[in-house]
Amino acid sequence: MASDTIFGRMLRGEIPCDEVYSDEKCLAFRDIQPQAPVHVLVIPRKALESLDAAVAEDAELLGHLLLVAAKVARQQGLTDFRTVINSGAKAGQTVFHLHVHVIGGRLLTWPPG
Ligand code: AMP
C-alpha cells in the first residue's frame with residue numbers, strides 16, 4: 001500500500017506527476033522545484049518512509065531503484081549525474097516516502113550544503 005504522503009497520492013493516481021519512467025516496483029517523475037536542468041525523483045511503490053526505515057528484505061528493491069536512477073539519467077541524456085537520498089529532517093528530507101534524486105545537466109560541485 002502506498003504511503004500517506006504526496007508521493008503516495010501520486011502512486012494512487014490521486015494527483016498528477018510529470019512521469020518519466022514507471023514499472024511494477026517504482027515510479028520516476030520530474031521534481032516540481034528542479035535544482036538542475038534534469039531533476040527526477042525515483043520512488044518505490046512500496047510505502048517506505050526513508051532509507052533508514054529499509055530492512056534486509058528491501059535490498060533488491062533498493063538496488064532496483066539505483067539501477068532505474070541510472071537508466072533514467074541515460075534516458076534524459078546525462079552521462080554525468082548525481083544521486084541523492086536525504087534521510088531524516090536534519091538531512092533535508094521533506095517528504096517521508098523514500099526517494100532517490102537524480103540530478104544533472106549542469107556542473108555539480110562538492111561538498112553539498
Ligand atoms: P527531499 O527534500 O529530499 O524530501 O525531497 C523532496 C522533493 O520532492 C523536493 O525536491 C521537492 O521539490 C519535491 N516535490 C515536492 N512535491 C512535489 C510534487 N508535487 N511533484 C514533484 N516533486 C515534488
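By convention here, the first residue in the shown sequence is residue 1. What you are looking at is a predicted structure, and each value in this text was computed from that prediction instead of being measured. Keep in mind that the numbers below use all heavy atoms, side chains included, and drop hydrogens, waters and symmetry copies.
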task: Check the pair F29, I43 against side chain to side chain contact (heavy atoms under 4.5 Å, CB included), reporting the backbone distance first and the verdict last.
output: CA-CA 9 Å; F29 53 89; I43 68 172; 3.7 Å; yes
- prompt: For Q33, does the CD atom have more than 12 heavy-atom neighbours from other residues, nucleotides or ligands under 6.0 Å away?
  reply: no
field: Flag side-chain contact, heavy atom, 4.5 Å: L41 against V100
entry: no
Exercise: identify the closest heavy-atom pair between C26 and Y21: SG-CE2, 4.0 Å
- request: Work out which heavy atom in L108 is nearest to a heavy atom in G104; give both atom names and the distance.
  value: CD1-CA, 4.4 Å
Side-chain (R106) to main-chain (Q35) donor-acceptor, under 3.5 angstrom: yes
List, one per line, each side-chain donor-acceptor pair under 3.5 Å for residues 60-81, sequence neighbours excluded.
| unit_1 | atom_1 | unit_2 | atom_2 | d |
| --- | --- | --- | --- | --- |
| H64 | NE2 | D23 | OD2 | 2.7 |
| Q76 | OE1 | R30 | NH1 | 3.1 |
| Q76 | OE1 | R30 | NH2 | 3.3 |

query: Does Q93 reach the side chain of S50, with side-chain heavy atoms less than 4.5 Å apart?
result: yes
Co-membership, hydrophobic cluster, residues F7 and L51, 4.5 Å side-chain: no
task: Could you check C17 against R9 for side chain to side chain contact (heavy atoms under 4.5 Å, CB included), going step by step and ending with a plain yes or no?
output: CA-CA 10 Å; C17 69; R9 296 183 64 201; over 6 Å; no
Any I6 side-chain heavy atom under 4.5 Å of V95 side chain: yes
task: Treating Ile, Leu, Val, Met, Phe, Trp and Tyr as nodes and any side-chain heavy-atom pair under 4.5 angstrom as an edge, say whether V84 and V42 lie in one connected cluster.
output: no
task: Go through the steps for V38 and I103 under the test side chain to side chain contact (heavy atoms under 4.5 Å, CB included), then give the verdict.
output: CA-CA 6 Å; V38 175; I103 299 165; over 6 Å; no
- request: Give, for atom CG of L27 and atom CE of M10, the distance between the pair rounded to the nearest 0.5 Å.
  value: 8.0 Å
message: Side chains of S22 and R45, heavy atoms from C-beta outward: is any pair under 4.5 Å?
response: yes
- prompt: Do V102 and I85 share a hydrophobic cluster, counting only Ile, Leu, Val, Met, Phe, Trp and Tyr and linking them when any side-chain heavy atoms are less than 4.5 Å apart?
  reply: yes
message: Between H99 and H97 (side chain of the first, backbone of the second, donor and acceptor by atom type, cut-off under 3.5 Å), is there such a pair?
response: yes
Salt bridge present between D58 and K46 (N-O < 4.0 angstrom): yes
- request: Please assess H39 against H101 for the test side chain to side chain contact (heavy atoms under 4.5 Å, CB included), listing each intermediate value before the final yes or no.
  value: CA-CA 7 Å; H39 189 169; H101 295 259; 2.8 Å; yes
